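One structure is given below, encoded as structure tokens.
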2 protein chains.
Amino acid sequence: MLDVARLADVSLQTVSRVSRGRTNVEASTRDRVLAAMREIGYRPNRAARALKSGRFRNIAVIASVMSSYGSIQWVSAIALEAARAGYSVTLVALESTEPQAVARSFDALAEHAVDGVALLLEHHMLEEAGVSLPPGLPAVVLDSGVASPYPVIDNDQAMGARLATQHLLDLGHRTVRHLAGPEDSRAAEIRETAWRETLEAAGAPVPPTDRGDWSPESGYSAGLRLAADPDVTAVLAANDQMALGILRAMREAGRDVPGDISVMGFDDVPESANYQPPLTTVHQSFDRIGAACVSALVAEIERGERTSPSLVPVELVIRSSTGPPRA
Amino acid sequence: MLDVARLADVSLQTVSRVSRGRTNVEASTRDRVLAAMREIGYRPNRAARALKSGRFRNIAVIASVMSSYGSIQWVSAIALEAARAGYSVTLVALESTEPQAVARSFDALAEHAVDGVALLLEHHMLEEAGVSLPPGLPAVVLDSGVASPYPVIDNDQAMGARLATQHLLDLGHRTVRHLAGPEDSRAAEIRETAWRETLEAAGAPVPPTDRGDWSPESGYSAGLRLAADPDVTAVLAANDQMALGILRAMREAGRDVPGDISVMGFDDVPESANYQPPLTTVHQSFDRIGAACVSALVAEIERGERTSPSLVPVELVIRSSTGPPRA
DNA sequence: AACGTGTGTGTTAGCGCAAACATGGCACAC
DNA sequence: GTGTGCCATGTTTGCGCTAACACACACGTT
């Protein structure tokens, strides 16, 4: 920086002003400084800048389940949007959801140079691990319906489950079975509750819930049970992967989809249009989530504004795995 | 830090030593300092530490295609392994693979506080964008077979394609069709070359290559063409998603898999065990890649050692989509 | 003429930490 | 007793940058 200043024959402060794009520098001076920077190959040192300003222009994303389609979409959407806002993104991947592993990652986080955190994890994990974020650190939680001290942003999953269930009822099914996600998942709970309430509101009987762990395997074994029950005409799986397992089970059991049984998923993973048959599902807007998340974080970091929780609408995607029940 | 020093009645330097885990501190002093840190809630300031040491303990991962299964696995494997080595990971997501977008991301990178970079992109993109990394910045490329100035790490994809092709030949197929990935993909090229060479080595005829873009849709349309050709008895798709599309096409064309036609994938995505039928494919070890990548980077950052390129072995996963040709 | 007001630029100080060097105490050999 | 070396700990300094202030000068206003 000193070299640049000397070469352009200005003070260090003027170089600093140019490098930060401040306006109160005469055009000719600015050009001289910029030329000097290029000649020397000057790059501002982020560490020094951060030390002085107290800001790192960096946000952390803590993701518990990088294997799931949703969290990946979230992470990339946040990374893209953060780049637009001039922030970088530090990815803190959890080895597992064991309380100790969560606690360890949070300890590491405290030493990270971040101005804010996006939490991509089930909120109860935080409590189980007995950890908390460093006080005063802005954060948002990407998870719906939790009582969190931080702003919460999520897809409107309840709306998704409602739309899905209603779609099946509208097709003429007497009721809809639900293959829920694991009990400790908040998302699973919300989807299940919305499913139940939609049935109740329509006066349809509420059958017992089946439960899987998001994996195709768990969908497969639940699917075998469902296939064996002649009363079942429609199934809503809590995610696409489990729906895939159900499709496989139905085929093996000789039950036609959607002729004998309608199957719906949830998430709209890119593959779902190519399942057998192409899956009717619920599409979530991850890029909008990412944008909402980053703007909430930046608002709090830069202007101290707290955002109120927000739910991003979802959309029904009707393909070929659902149809009217056989008369 | 000053408060901690006062509370523990030691010098700043001793606090610094304790906080970095240096050994030359007496046990009793260390305990006093640690207690004081806890009481005050002291957290070392990364920016100051980085400013002083010239190291950020942070590596960047530049990923071009966060949507593909492989890159996601790579990113999380690297993040996990980096955490173990005491590094954090900054994710630089590319908006697109347009040269301008790539160039923009690289400009941003230059201002990032990173000690090293892992490049998760096709090498030719760098050249097209006309960008280069800041000189002297350690980097590794996760991409095989490129002539790169940086160490290259990858799964042994040639081995995978060889194993897959040989598996089909061993089952008794006269030859094997190949649905390759896009032409601009190095991975696609390697897989295709290995497939061709395996056929040639076995004295099998080399049929024309079909080409897709990694998507299930492209697999589907290629699958329809393949299904119409009665000579085809075995197909190797360059990834699982395209294989999924082929499976769908075969089913719609009334061709049994593996009875009429054997289909193989490549990647072993978690869903592939639940495709219809469960897919025979090639499994890649992403965690080993992540570990190799981080250790290569750390070796260069901390000790200036250049690692030689390394290929991580892959494994054949035989499920139910392949079998002997109908006699 | 005296006084604000604004604009472009320079000077000073210090952000929090760790390297380099300094110190002082103790164990041991001679 | 004196020297030697080693260890735990303290003091000083500066990493690269920017906020705060200082200043000089060109204006317009009273």
Side-chain angles (χ1 to χ4, degrees), chain A residues 1-37 40-58 86 88 110-115 134 136-137 301-303, chain B residues 1-37 40-58 86 88 110-115 134 136-137 301-303:
Chain A
M1 187 160 163
L2 188 61
D3 297 335
V4 173
R6 272 204 280 258
L7 185 59
D9 195 28
V10 293
S11 70
L12 288 171
Q13 182 59 20
T14 301
V15 176
S16 167
R17 280 194 267 256
V18 170
S19 114
R20 282 174 302 145
R22 292 305 182 83
T23 51
N24 51 346
V25 179
E26 206 171 296
S28 66
T29 312
R30 168 188 311 280
D31 291 345
R32 227 168 50 241
V33 173
L34 287 174
M37 283 180 174
I40 295 188
Y42 167 79
R43 290 284 168 202
N45 178 316
R46 285 271 285 228
R49 203 169 258 190
L51 177 59
K52 192 69 183 115
S53 68
R55 294 271 162 74
F56 302 100
R57 297 196 73 79
N58 187 24
S88 52
E111 308 227 337
H112 277 42
V114 295
D115 305 313
L137 188 63
I301 293 168
E302 295 183 356
R303 302 182 298 278
Chain B
M1 187 159 164
L2 188 61
D3 297 335
V4 173
R6 272 205 281 259
L7 184 61
D9 194 28
V10 294
S11 71
L12 289 171
Q13 183 59 18
T14 301
V15 176
S16 167
R17 280 194 267 255
V18 171
S19 110
R20 282 173 303 145
R22 293 305 182 82
T23 50
N24 52 346
V25 179
E26 205 171 298
S28 65
T29 311
R30 169 188 311 278
D31 292 345
R32 228 171 46 242
V33 173
L34 287 174
M37 282 180 175
I40 294 187
Y42 167 80
R43 290 288 167 199
N45 178 314
R46 286 270 283 226
R49 205 168 257 190
L51 177 59
K52 191 68 183 128
S53 67
R55 295 271 163 73
F56 302 101
R57 297 197 74 79
N58 187 23
S88 53
E111 306 230 336
H112 275 40
V114 294
D115 305 312
L137 188 62
I301 292 168
E302 295 182 356
R303 302 183 297 278

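Predicted model, so just to flag it, every value in this text is computed and none were measured. The chains referred to below are lettered A, B, ... by the order of the sequence lines, with proteins before strands, and numbering in each begins at 1.
Between A:T29 atom OG1 and A:R17 atom CZ the span is 10.5 Å, to the nearest 0.5 Å. Taken from OH in B:Y42 to CG in B:L34, the straight-line distance is 11.5 Å, to the nearest 0.5 Å. Note that the CZ atom of B:R49 and the CG atom of B:N45 stand 9.0 Å from one another [nearest 0.5 Å].
By the 4.5 Å heavy-atom criterion applied to side chains, A:R57 and A:I301 are not counted as neighbours. Side-chain contact between A:M1 and A:S19 is absent, with no heavy atoms from C-beta onward closer than 4.5 Å.
Checking B:R32 against B:S28 by side-chain atom types alone, no donor-acceptor pair falls below 3.5 Å. Using modelled atom types and a 3.5 Å distance limit, the side chains of B:S11 and B:T14 yield a donor-acceptor pair.
Proximity of residues 21-37 of chain A to DNA chain C (heavy atom under 4.0 angstrom from any strand atom) is restricted to A:N24, A:V25, A:E26, A:T29. For the segment residues 45-56 of chain A, residues with any heavy atom less than 4.0 angstrom from an atom of DNA chain D are, sorted by number, A:N45, A:A48, A:R49, A:L51, A:K52.
Distance CZ (B:R20) to P (C:dG16): 17 Å, rounded to an integer number of Å.
Closest of all the heavy-atom pairs between A:V10 and A:V15 is CG2-CG2, 3.9 Å. Here the closest non-hydrogen pair linking A:A47 and B:L51 is CB-N, 3.7 Å. Summarising the geometry of A:V18 relative to A:R30, their closest heavy-atom pair is CG2-CA, 4.1 Å, with the distance given to 0.1 Å. Of all non-hydrogen atoms in A:F56 and A:V114, the two that sit nearest each other are CD1-N, 3.7 Å. Contact between B:S88 and B:N58 at its shortest, heavy atoms only, is O-OD1, 2.8 Å. Contact between B:V33 and B:A8 at its shortest, heavy atoms only, is CA-CB, 3.9 Å.
For the pair B:V10 and A:L12, both in contact range of DNA chain D, the more 5′-proximal nearest nucleotide belongs to B:V10. Residue B:Y42 is the one, among B:R17 and B:Y42, whose nearest nucleotide of DNA chain C lies closer to the 5' end (criterion: closest heavy atom).
If you check every strand for non-hydrogen atoms under 4.0 Å, B:M1 touches sugar and phosphate atoms only.
In terms of phosphate contacts, A:T14 brings a side-chain nitrogen or oxygen within less than 4.0 Å of OP1 or OP2 of C:dG10.
Five base pairs at each end of the helix from C:dA1-D:dT30 to C:dC30-D:dG1 define two local axes, and these are offset by 50° (rounded to 10°).
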What nitrogen or oxygen pairs link the protein and nucleotides 26-28 of chain C at under 3.5 Å?
none

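Protein chain B contacts DNA chain D over a range whose 5' and 3' limits, counting nucleotides with an atom under 4.0 angstrom from a non-hydrogen atom, are D:dA8 to D:dG16.
Judged by distance alone, with hydrogens and angles left aside, B:R43 brings no side-chain donor or acceptor close enough to the base of C:dG16 to form a pair under 3.5 Å.
With sequence neighbours excluded, the residues that form a side-chain contact (heavy atoms from CB on, under 4.5 Å) with B:S53 are B:R55.
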